[in-house]
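See structure below.
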Amino acid sequence: RVLDATGLIALPGLVDLHTHLREPGREDAETVESGSRAAALGGYTAVCAMANTSPVADTAGVVEQVWRLGRDAGLVDVQPIGAVTVGLKGEHMAELGAMADSAANVRIFSDDGFCVADPKMMRRALEYVKAFDGVIAQHAEEPALTAGAQMHEGEFSSQLGLAGWPAVAEEAIIARDCLLTGHVGSRLHVCHVSTAGSVEILRWAKSKGWRVTAEVCPHHLLLTDERATTYDPVNKVNPPLRTDTDIEALRAGLAEGVIDVVATDHAPHSSEDKDCEWAAARPGMLGLQTALSIVVKTMVEPGLLDWDGVAERMSRRPARIAGLDGHGLDPAPGVPANLTLIDPAASWTVVPNELASLSRNTPYAQMTFPATVRATFLRGEATVLEGKAQK
Ligand code: NCD
Ligand code: ZN
Ligand code: ZN
């Protein structure tokens, strides 16, 4: 079979460090299979599945279940992330070693909110994963400063009378955990960085030689808190949409490499959880099928990144952070490749009902974006051809 790739760009298969697949527990919002399909259509060949499922992915049993479901779906490699602690109040450190040694081969462990509240526990977690070169992924949300917050704290939150989530709630905890990581000599990955101040702190931490990496989400590169004035909860997300100043700093930080990767934080929610008033709606938005196009619009078109830079930030570096062998590499001759073929000259309009996710919470409905994914190959097998999923 010959595929005419004239005018297309070949990238190593994209790797997402931050995907919520909702299985087990909320299969009405997403399953491993439906999320895998969205990922393949978005050009991904591997996704890291976040641990906040029900039950939480804090045992070898649950991470192996997610890993098997991913293998059976066969559309992308699903690499489970484990939760750091167990218990209603995070009383116990989870068996991180058992998750690492399981068939799921877990290397990234997500702070479920308890380490952020307790620096002693964060220090222990960093020490524990150091033994097997694991990574702690932290969500950069200081609990006391974000309690009850509904959106970014700024001009629009005052105007709307909604409780604000200040930039300092993110920055204070990033600074603390960079310091702890440097002290322990372990690895930290900062999820969904959203403020200009966070970029400055990360630049400083990296200048010290500490092993800190960071991700930015497409929505934080494109959308601002002004979206909240529509009161449409599709714009509600953690951390919240920020300001134009933050967008500029995040784009510059990603171009410079202070922010290592783009991660989607694909967060599907059922209409029951999203189509309600702002205060009651769950935070989070879909991301897998729009990520590449938004990176092209916000980074490639303005000349901040070239296509090799896209490969670096959406494939090679995330693969390295997650320890995903065989991903993020340009295919060697004779080796079945993980790759995606992009049409840079095409554009498309987002129609929520046409997305592969079981949920519809995209903030990009009816928006037109550059670049389409024409084909995706997982170890040489087409998972997407002519923009259609093959399973
Ligand atoms: C995420 C979710 O829905 O699970 N929501 C979000 O707004 N990002 C949780 C998270 O990553 O913080
Ligand atoms: Zn988060
Ligand atoms: Zn998330």
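Atoms within a ligand are numbered from 1 in the order they appear, just like the ligands themselves.
- Among the atoms of Cys191, no N, O or S atom is found under 2.8 Å from the Zn ion (ligand 2).
- For the Zn ion (ligand 2), the nearest N, O or S atom contributed by His192 is named NE2.
- For the pair Asp225 and Arg227, the salt-bridge criterion is not met [side-chain N within less than 4.0 Å of a carboxylate O].
- A salt bridge is defined here as a Lys NZ or Arg NE, NH1 or NH2 lying under 4.0 Å from an Asp or Glu carboxylate O, and Glu386 with Arg374 meets this definition.
- Under 2.8 Å from the Zn ion (ligand 2) lies no N/O/S atom of His18, from backbone or side chain alike.
- No single ILVMFWY cluster, assembled from side-chain heavy atoms under 4.5 Å apart, contains both Val310 and Val261.
- Contact detail for Ala365 and Pro352: the closest heavy-atom pair is CB-CG, 3.6 Å.
- Note: the hydrophobic cluster containing Leu180 also contains Val129 (ILVMFWY, side chain heavy atoms under 4.5 Å, direct or indirect links).
- Listed by atom number, the atoms of ligand 1 under 4.0 Å from His269 heavy atoms are 3 (O).
- Contact analysis leaves Met50 out of contact with ligand 1, as no non-hydrogen atom separation drops below 4.0 angstrom.
- Note on His139: not counted as a metal contact of the Zn ion (ligand 3), no N/O/S atom lying under 2.8 Å.
- For the pair Arg26 and ligand 1, no heavy-atom separation below 4.0 Å is found.
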Verdict with reasoning, Trp348 to Thr368, per side chain to side chain donor-acceptor pair (under 3.5 Å): CA-CA 5 Å; Trp348 65 295; Thr368 297; over 6 Å; no
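- In this structure, the protein non-hydrogen atom closest to atom 5 (N) of ligand 1 is Pro283 O, 3.3 Å.
- Each of the atoms 7 (O) of ligand 1 lies under 4.0 Å from some heavy atom of Val237.
- Protein heavy atom nearest atom 7 (O) of ligand 1, with residue, atom name and distance: Asn238 N, 2.8 Å.
- Residue-to-ligand polar distances keep Ala267 apart from ligand 1: every N/O pair is separated by 3.5 Å or more.
- Contacts of His192 with ligand 1, taken as heavy-atom pairs under 4.0 Å, involve the side chain alone.
- Each of the atoms 11 (O), 12 (O) of ligand 1 lies under 4.0 Å from some heavy atom of His139.
- Seen from the Zn ion (ligand 3), atom OD1 of Asp265 and atom NE2 of His20 lie 100° apart in angle, a value rounded to 10°.
- Within the structure, the closest approach of His18 to ligand 1 falls below 4.0 Å when heavy atoms are considered.
- What sits closest to atom 4 (O) of ligand 1 on the protein, heavy atoms only, is Asn52 ND2, 2.8 Å.
- Proximity of Asp265 to ligand 1, defined as any heavy-atom pair under 4.0 Å, is confined to the side chain (atoms from C-beta onward).
- Between Arg360 and Asp275 there is no salt bridge, since no side-chain nitrogen of the basic residue lies less than 4.0 Å from a carboxylate oxygen of the acidic one.
- Between Trp210 and Leu179, the shortest heavy-atom contact is CH2-CD2, 3.8 Å.
- Protein heavy atom at the shortest distance from atom 11 (O) of ligand 1 is His20 NE2, 3.2 Å.
- Judged by distance alone, with hydrogens and angles left aside, the side-chain atoms of Asp308 form no donor-acceptor pair with the main-chain N or O of Ala311 at under 3.5 Å.
- Within the 3.5 Å criterion, the main-chain N or O of Gly287 finds no donor-acceptor partner in the side chain of Gln289.
- Distances from ligand 1 to the non-hydrogen atoms of Met285 include no value under 4.0 Å.
- No side-chain heavy atom of Val258 sits under 4.5 Å from any side-chain heavy atom of Trp204.
- Glu170 places a side-chain N or O within donor-acceptor distance of the main-chain N or O of Ser194, the cut-off being under 3.5 Å.
- Here Arg176 does not pair with Glu142 in a salt bridge; the nearest charged N to carboxylate O distance is not below 4.0 Å.
- Residue contacts with ligand 1 do not include Arg282, since none of its heavy atoms lies under 4.0 Å from the ligand.
- Ranking protein heavy atoms by distance to atom 3 (O) of ligand 1, first place goes to Arg22 NH2, 2.8 Å.
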